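Computed over heavy atoms, backbone and side chain alike; hydrogens, waters and symmetry mates excluded. Please read these numbers as outputs of a predicted model, since none were measured by experiment. Chain letters run A, B, ... following the sequence lines, proteins first and then strands; every chain starts at 1.
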2 protein chains.
Amino acid sequence: MVQDSIQTLQAQGYKATRPRKLVLEVLEESEKPISPYDIQGILRTRGKQINHVTIYRTLDLLCRLNLAHKMMSGGGFLKCSLNAAEGCHRFMVCQDCGAIQEFANKELCREENQLARDLGFHTEHHLSEFYGLCSGCYEK
Amino acid sequence: MVQDSIQTLQAQGYKATRPRKLVLEVLEESEKPISPYDIQGILRTRGKQINHVTIYRTLDLLCRLNLAHKMMSGGGFLKCSLNAAEGCHRFMVCQDCGAIQEFANKELCREENQLARDLGFHTEHHLSEFYGLCSGCYEK
DNA sequence: AGACAATTGCAACAATGTTGCATTTATCTT
DNA sequence: AAGATAAATGCAACATTGTTGCAATTGTCT
């Protein structure tokens with residue numbers, strides 16, 4: 001998965017640098033959004049020293065390429081688990097345990113874009129966040 | 001419109017204070033997302049001095065009540081122009097001029113929630129942001 | 001008008017994000 | 001495999017944004 005992102009980077013002419021690989025690894029492992037400083041902290045515990053400026057720049061890049069997203073809730077960053085399905089990403093955020101799951105649906109995506117089109121808006125990509133309870137937390 | 005929000009506040013047991021009214025007024029006037037410090041700045045030019053801590057707390061409250069939202073892009077705050085249609089808010093963000101337009105669609109909203117349900121997720125409310133070009137900017 | 005709980009302002013602080021520039025590194029060429 | 005070169009990193013300093021506890025104030029209810 002990290003490998004996929006690296007390839008995307010290179011395909012667009014960006015270099016596969018050590019800091020970028022490390023940031024991608026950390027994002028990959030986390031199922032919850034994490035902040036730039038969180039990422040730096042995790043890497044430090046592994047003896048990998050990366051400047052926070054670099055992390056910011058890396059995250060900016062990943063977001064521009066739709067490989068990661070900044071969440072509305074909390075503001076942390078999350079690696080997209082699905083490779084940009086028509087530029088449409090949906091995240092379900094459990095308000096109890098904080099777990100996040102991504103899903104895609106092309107049909108829905110087309111409908112949404114069409115609706116926007118009807119209002120004169122030309123959509124390039126879109127993001128959705130659903131807030132509620134995951135199955136586990138709903139049981140209680 | 002500000003009046004509606006004030007009523008919602010009071011209906012939930014919150015007080016209709018001077019700072020809250022002022023913040024709502026500023027949000028109401030702006031069609032683009034604005035930051036807490038922007039709001040403070042605008043108020044200051046009108047001779048209204050409001051502490052930034054208060055503005056933060058007010059925005060937190062408005063977001064909790066779904067009267068405003070923090071946008072993913074840029075992180076600014078925006079007053080919802082539509083009164084929470086089934087807890088579903090859609091914003092179209094023009095990547096050229098920055099204009100934002102909100103729209104709602106109950107049918108789509110139901111479909112989305114159903115899809116999430118199929119995955120075991122119980123949605124309480126959700127937010128979408130569409131990025132692209134508004135009709136004006138698309139012409140060019 | 002007075003009481004009471006909610007809200008604000010203040011001060012100090014903590015976290016997060018940004019810029020310019022010298023140094024380093026990945027990739028391409030030969 | 002070594003060198004050239006453009007891109008990317010690290011550093012330092014700074015700027016902005018967000019948070020906490022507590023005393024003073026204010027809106028609402030009686």
Side-chain angles (χ1 to χ4, degrees), chain A residues 2-3 5-27 32-44 46-65 67-78, chain B residues 2-3 5-27 32-44 46-65 67-78:
Chain A
V2 166
Q3 202 47 41
S5 301
I6 293 292
Q7 294 214 342
T8 305
L9 280 180
Q10 290 183 311
Q12 315 255 354
Y14 297 101
K15 293 183 179 175
T17 64
R18 196 179 95 99
R20 285 175 182 168
K21 288 179 195 165
L22 291 172
V23 169
L24 277 167
E25 275 172 27
V26 174
L27 283 175
K32 296 183 186 177
I34 48 181
S35 75
Y37 283 95
D38 286 341
I39 295 173
Q40 187 180 41
I42 291 171
L43 287 173
R44 190 161 35 223
R46 300 182 186 170
K48 319 280 187 181
Q49 201 80 4
I50 301 289
N51 193 278
H52 72 281
V53 178
T54 300
I55 297 180
Y56 274 100
R57 296 197 267 227
T58 298
L59 290 170
D60 281 351
L61 178 62
L62 295 177
C63 287
R64 277 206 305 282
L65 299 181
L67 295 172
H69 281 300
K70 182 171 191 171
M71 304 298 281
M72 294 192 254
S73 49
F77 288 84
L78 190 72
Chain B
V2 167
Q3 201 49 39
S5 302
I6 292 292
Q7 295 214 341
T8 305
L9 280 180
Q10 290 184 311
Q12 314 256 354
Y14 296 101
K15 293 183 179 174
T17 64
R18 194 180 95 101
R20 286 175 181 166
K21 289 179 194 165
L22 290 173
V23 168
L24 277 167
E25 275 172 28
V26 174
L27 283 174
K32 296 183 185 177
I34 47 181
S35 74
Y37 282 96
D38 286 342
I39 294 173
Q40 187 180 40
I42 292 171
L43 287 174
R44 191 162 33 227
R46 300 181 186 170
K48 319 279 188 182
Q49 200 81 2
I50 302 289
N51 192 278
H52 72 280
V53 177
T54 300
I55 295 179
Y56 275 100
R57 296 198 268 228
T58 298
L59 290 169
D60 281 350
L61 177 63
L62 295 177
C63 287
R64 278 206 306 283
L65 298 181
L67 295 172
H69 281 299
K70 181 171 190 172
M71 304 298 280
M72 295 193 255
S73 50
F77 288 83
L78 189 72

Table of protein N/O atoms under 3.5 Å from nucleotides 26-30 of chain D N/O atoms:
residue : atom : partner  : partner atom : Å
dG27(D) : N3   : Lys15(B) : NZ           : 3.3
dT28(D) : OP1  : Gln10(B) : NE2          : 2.7
dT28(D) : OP1  : Ala16(B) : N            : 3.3

Name all residues meeting the side chain to side chain contact (heavy atoms under 4.5 Å, CB included) criterion together with Thr17(B); count only those two or more places apart in sequence or in a different chain, and write none if there are none.
-> Lys15(B), Pro19(B), Arg20(B)

Atom pair CZ (Arg57(A)) and NE2 (His52(A)), whose distance is rounded to the nearest 0.5 Å = 9.5 Å

Could you list the protein-to-nucleotides 13-16 of chain C atom pairs, N/O on both sides, closer than 3.5 Å?
none

Starting at CZ of Arg18(B), measure out to CD1 of Ile50(B) and round the result to the nearest 0.5 Å.
-> 4.5 Å

Spacing between Asp60(B) atom CG and dA6(C) atom P, to the nearest angstrom = 18 Å

Residue set satisfying side-chain hydrogen bond (donor to acceptor under 3.5 Å, both in side chains) with Asn51(B), at least two apart, ordered chain then number -> none

What distance separates Leu22(B) CG from Thr58(B) OG1, expressed to the nearest 0.5 Å?
-> 9.5 Å

Phosphate OP1/OP2 of dT8(C) contacted by Lys48(B) side-chain N/O (<4.0 Å) | no

By salt bridge (Lys or Arg N to Asp or Glu O under 4.0 Å), Arg46(A) pairs with (sequence neighbours left out) Glu29(A)

At what angle, to 10 degrees, do the two end axes of the helix from dA1(C)-dT30(D) to dT30(C)-dA1(D) meet, given five pairs define each axis?
-> 50°

Straight-line distance of Glu25(B) CD to Ile6(B) CD1, nearest 0.5 Å = 8.5 Å

Is the shortest side-chain N/O distance from Arg57(A) to OP1 or OP2 of dA8(D) below 4.0 Å?
-> no

Who are the side chain to side chain contact (heavy atoms under 4.5 Å, CB included) partners of Gln7(B), not counting sequence neighbours?
-> Gln3(B)

Between Gly13(B) and Val53(B), which has a closest nucleotide on DNA chain C that is more 5'?
-> Gly13(B)

